[in-house]
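One structure is given below, encoded as structure tokens.
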Amino acid sequence: AQKITQTQPGMFVQEKEAVTLDCTYDTSDQSYGLFWYKQPSSGEMIFLIYQGSYDEQNATEGRYSLNFQKARKSANLVISASQLGDSAMYFCAMREGLSSSASKIIFGSGTRLSIRP
Amino acid sequence: GAVVSQHPSRVICKSGTSVKIECRSLDFQATTMFWYRQFPKQSLMLMATSNEGSKATYEQGVEKDKFLINHASLTLSTLTVTSAHPEDSSFYICRAGGNTEAFFGQGTRLTVV
């Protein structure tokens, strides 16, 4: 069965510093997709970044990058130059299959990131 | 990009009544939609998979008679919380479409009093 683990319930980071949010996963599938979402207090789920299991390069989207280490089954999110607006809940998620809108996505328990001015 | 619209964003209902939540895909067809529930300070838990033209598939522990799902068209899925009780108070959010980016509705915060 699939499983996503986020071991950091909360983190505090000084503004402008980089931060790494940890995520490990477990699956027996060879093809899967990994996501990171940001959830502010409003509740909306904001897509940040995606990594396919066969992607050789780490995904990057602006200040976000995903440190994908397949052998270790980890998919850590790195946020460079953190901003006050980055304070939110962050979820790591995984989907079976590389590209199927009909596949389930399961979520980790989340990490609450707080940026200090 | 694709947009998923969820309505209402917030609802308060009396215990024992039913509440319907709508999830619409605005610019694409979605044969499959997903419904999640999120309790305060917890993660999103998948409740059920909504399939257009057929019965929904419920996750273990989710009561199908309490959480009625209807997916009558390729752009609309509804979740009805029947005979709501205070313990059903939660944040409900739908998801549809997308390959490298799954699209979520805005979510519905349900409070049962």
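Every chain is numbered from 1 and lettered A, B, ... according to where its sequence line falls, protein lines coming before strand lines. Heavy-atom basis, side chains included; hydrogens, waters and symmetry copies ignored.
Here B/Gln38 is the residue among B/Gln38, B/Lys41, B/Met45 with the most heavy-atom pairs under 4.5 Å with chain A. Note on A/Leu48, A/Ile105, A/Ile106, A/Ile46: by heavy-atom pairs under 4.5 Å with chain B, the leading option is A/Ile105. The residue among B/Ser43, B/Gly105, B/Gly107 with the most heavy atom pairs within less than 4.5 Å of chain A is B/Ser43.
Using a 4.5 Å cut-off on side-chain heavy atoms (C-beta onward), B/Val11 and B/Tyr92 make no contact. B/Met47 places none of its side-chain heavy atoms less than 4.5 Å from the side chain of B/Glu59.
Using a 4.5 Å cut-off between heavy atoms, B/Leu44 touches chain A through backbone and side chain atoms alike. Heavy-atom distances place no part of A/Gln51 under 4.5 Å from chain B, backbone and side chain included. Neither the backbone nor the side chain of B/Gln6 comes within contact range of chain A; no heavy atom of the residue lies under 4.5 Å from a heavy atom of that chain. Looking at A/Phe91, only its side chain comes within 4.5 Å of chain B, counting heavy atoms on both sides.
Heavy-atom minimum distance, A/Trp36 versus A/Leu66: CD1-CD1, 3.7 Å. Taking all atoms of both residues into account, the shortest heavy-atom contact from B/Lys64 to B/Leu68 is O-CD2, 3.3 Å.
The aromatic rings of A/Phe68 and A/Tyr25 lie parallel to each other, with less than 30° between the two planes, well short of the 60° mark.
The backbone N or O of B/Val3 sits less than 3.5 Å from a side-chain atom of B/Asp27, completing a donor-acceptor pair. Of the possible polar contacts, one joining the B/Lys66 side chain to the B/Ser83 backbone as a donor-acceptor pair under 3.5 Å is found.
Inspection of non-hydrogen atoms places A/Gly108, A/Ser109 of residues 108-117 of chain A under 4.5 Å from chain B.
Residues B/Val113 and B/Phe91 are members of separate hydrophobic clusters, defined by side-chain heavy-atom contacts under 4.5 angstrom among Ile, Leu, Val, Met, Phe, Trp and Tyr.
The six-membered or imidazole ring of A/Phe107 lies near that of B/Tyr36, with a centre-to-centre distance under 6.0 Å.
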